[in-house]
Novice: 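I'd like to ask you about the structure that follows.
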Amino acid sequence: MGWMKLEGGLAPRSKTGSIAWREAGRGPPLLLIHAAGLNADAWEPQLAALATRRRTIAADLPGHGLSDRLPEDAGLDAYVAAMAGLIDALGLSPVPVVGHSFGATIGLGLALDHPGKVAALVALNAVYCRDPAARAAVEGRAARARAGAVDVIGTLQRWFPDNPNSPLALRVATWLRSVDPKGYATAYRVFATSDRVHEGRLGELACRALFMTGVGDPNSTQAISERLAREAPHGRALALPAARHMMHLTHPAETSNAINGFLSAVPPPP
């Protein structure tokens, strides 16, 4: 686990406008977008692995890390606009985008609504058209978040069911406990209600896309990734054996290698 600092505060960041971000490496750029409740430090293993070939930038979502909070009634478009603004401000366009969970939903929105800004998309553990049981569960969590509760214990049990007290799980717990509750509530509400926002639009996706999940992820399932890949003109699906929702942390080498392999086959921008 030498790639991750298992204690202490946030790593140093830069800030552009309302969005904080950190980076590693040189070369063609790459943008990483984390899940609700986390922050740019959750990409520590990818910042180490992907930066050997690229200038790898991990952003704090609005209301997370050191980024400013959005209004409580913000929708998915506001998160997409925040990331599009960072791409413009840093002169990254067109840039490959890697998003995890809620970050994958935002990345897909970027690729659909700002196709000139996104060179390729990697969607890790994406959600799309949840079934009724999954929808009820996520809406319940969103309601509790609106009441000011960040359910750290329940989240760790979902994300690390085999060992919710491992050093890695406890590190994730520190991020969840430090997130702005209002920023988290806004993000989680949008995450809970945006799984059908892009339904029927995947055929518009102009860039190459990799939809990747863990075989053991009960919510961002292999079937969801395969459906996304079928509906996207240039989509591919990949599932990591024995991995679950936090595969970029629990299976960092396999995840980073898959991202590197996919992006190496994407032609560089003109």
Side-chain angles (χ1 to χ4, degrees), residues 30-38 59 61-64 70 73-88 92-139 141-142 186-214 217-239 245 247-248 259 262-263 266:
L30 172 65
L31 177 64
L32 309 177
I33 306 175
H34 64 79
L38 302 182
L61 283 177
H64 295 67
L70 288 171
D73 62 351
L76 179 62
D77 58 339
Y79 290 89
V80 171
M83 295 298 100
L86 182 66
I87 290 171
D88 286 345
L92 306 179
S93 183
V95 61
V97 173
V98 179
H100 172 237
S101 193
F102 182 38
T105 303
I106 296 168
L108 186 55
L110 269 172
L112 288 168
D113 297 339
H114 303 274
K117 300 184 192 302
V118 179
L121 173 67
V122 179
L124 304 179
N125 307 91
V127 293
Y128 185 58
C129 299
R130 293 182 179 97
D131 63 38
R135 174 169 290 278
V138 75
E139 287 179 347
R141 293 193 290 271
T186 300
Y188 207 88
R189 171 184 55 77
V190 176
F191 172 63
T193 57
S194 296
D195 61 303
R196 291 188 178 272
V197 167
H198 302 128
E199 186 177 11
R201 292 193 62 197
L202 272 292
E204 304 170 26
L205 195 63
C207 65
R208 297 187 187 186
L210 174 64
F211 300 98
M212 184 175 167
T213 193
D217 192 331
N219 296 312
S220 304
T221 63
Q222 183 174 352
I224 287 175
S225 287
E226 290 171 349
R227 177 178 174 183
L228 286 162
R230 284 195 306 271
E231 294 185 16
H234 312 288
R236 262 187 63 199
L238 178 65
H245 195 66
M247 64 187 188
H248 66 303
I259 294 170
F262 174 74
L263 294 180
V266 175

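Just so it is clear, the model here is predicted, and its values are computed rather than measured.
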Novice: Report yes if some heavy atom in the side chain of Leu38 is under 4.5 Å from a heavy atom in the side chain of Leu61; otherwise report no.
Specialist: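 No, every pair of side-chain atoms sits at 4.5 Å or beyond.
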Novice: Going by heavy atoms in the side chains, are Asn219 and His245 under 4.5 Å from each other?
Specialist: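 No, too far: nothing below the 4.5 Å cut-off.
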Novice: Kindly give the heavy-atom pair with the smallest separation between Ala36 and Phe102, and that separation in Å.
Specialist: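 Looking at all heavy atoms of both residues, the closest pair is N-CB, 3.8 Å.
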Novice: Quick check for you: to the nearest 0.5 Å, what is the distance between Ser194 atom OG and Glu199 atom CD?
Specialist: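 Answer for the OG-CD pair, Ser194 versus Glu199, is 13.0 Å.
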Novice: Report yes if some heavy atom in the side chain of Phe211 is under 4.5 Å from a heavy atom in the side chain of Ile224; otherwise report no.
Specialist: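 Not in contact.
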Novice: Quick one: CG on Leu210 to NE2 on His234, what's the gap to the nearest 0.5 Å?
Specialist: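 The CG atom of Leu210 sits 14.5 Å away from the NE2 atom of His234.
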Novice: State, yes or no, whether a side-chain contact exists between Pro233 and Leu205 at a heavy-atom distance under 4.5 Å.
Specialist: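 Yes; the side chains approach each other to less than 4.5 Å.
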Novice: Taking the six-membered ring of Phe191 as reference, does the NZ or CZ atom of Arg130 fall below 6.0 Å from its centre and within a 45° cone about the axis?
Specialist: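 Geometry flag: set, cation within 6.0 Å and 45°.
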Novice: Is there side-chain contact between Leu110 and Ile87, with at least one heavy-atom pair below 4.5 Å?
Specialist: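 Heavy-atom side-chain distance check passes, below 4.5 Å.
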Novice: Rounded to the nearest 0.5 Å, what separation is found between the OG atom of Ser93 and the CG atom of Leu31?
Specialist: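 Interatomic distance, Ser93 OG to Leu31 CG, rounded to 0.5 Å: 11.0 Å.
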Novice: Closest heavy-atom contact between Pro62 and Met83?
Specialist: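 That closest heavy-atom pairing would be CD-CE, 4.4 Å.
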Novice: Which atoms form the tightest heavy-atom contact between Leu228 and Ala126, and what is the distance?
Specialist: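 That would be CD1-CB, 3.9 Å.
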Novice: With side chains defined as the heavy atoms from C-beta onward, is the minimum distance between Met247 and Asp217 less than 4.5 Å?
Specialist: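 In short, these two side chains do not touch, never coming nearer than 4.5 Å.
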Novice: Between His64 and Ala187, what is the shortest heavy-atom contact and its length?
Specialist: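 Taking His64 first and Ala187 second, the nearest heavy atoms are CE1-CB, 3.5 Å.
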Novice: Determine the minimum heavy-atom distance between His248 and Leu124, stating which atoms define it.
Specialist: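 Minimum heavy-atom contact is CB-CD1, 4.3 Å.
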Novice: I need the Met212 CE to Ile259 CD1 distance, nearest 0.5 Å.
Specialist: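 CD1 of Ile259 is found 6.0 Å from CE of Met212.
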Novice: With a 4.5 Å heavy-atom cut-off, do Lys117 and Asp88 have their side chains touching?
Specialist: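 Heavy-atom side-chain distance check passes, below 4.5 Å.
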Novice: So which atom in His198 and which in Tyr128 form the shortest heavy-atom distance, rounded to 0.1 Å?
Specialist: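 Closest pair (atom of His198, atom of Tyr128, distance): O-OH, 3.8 Å.
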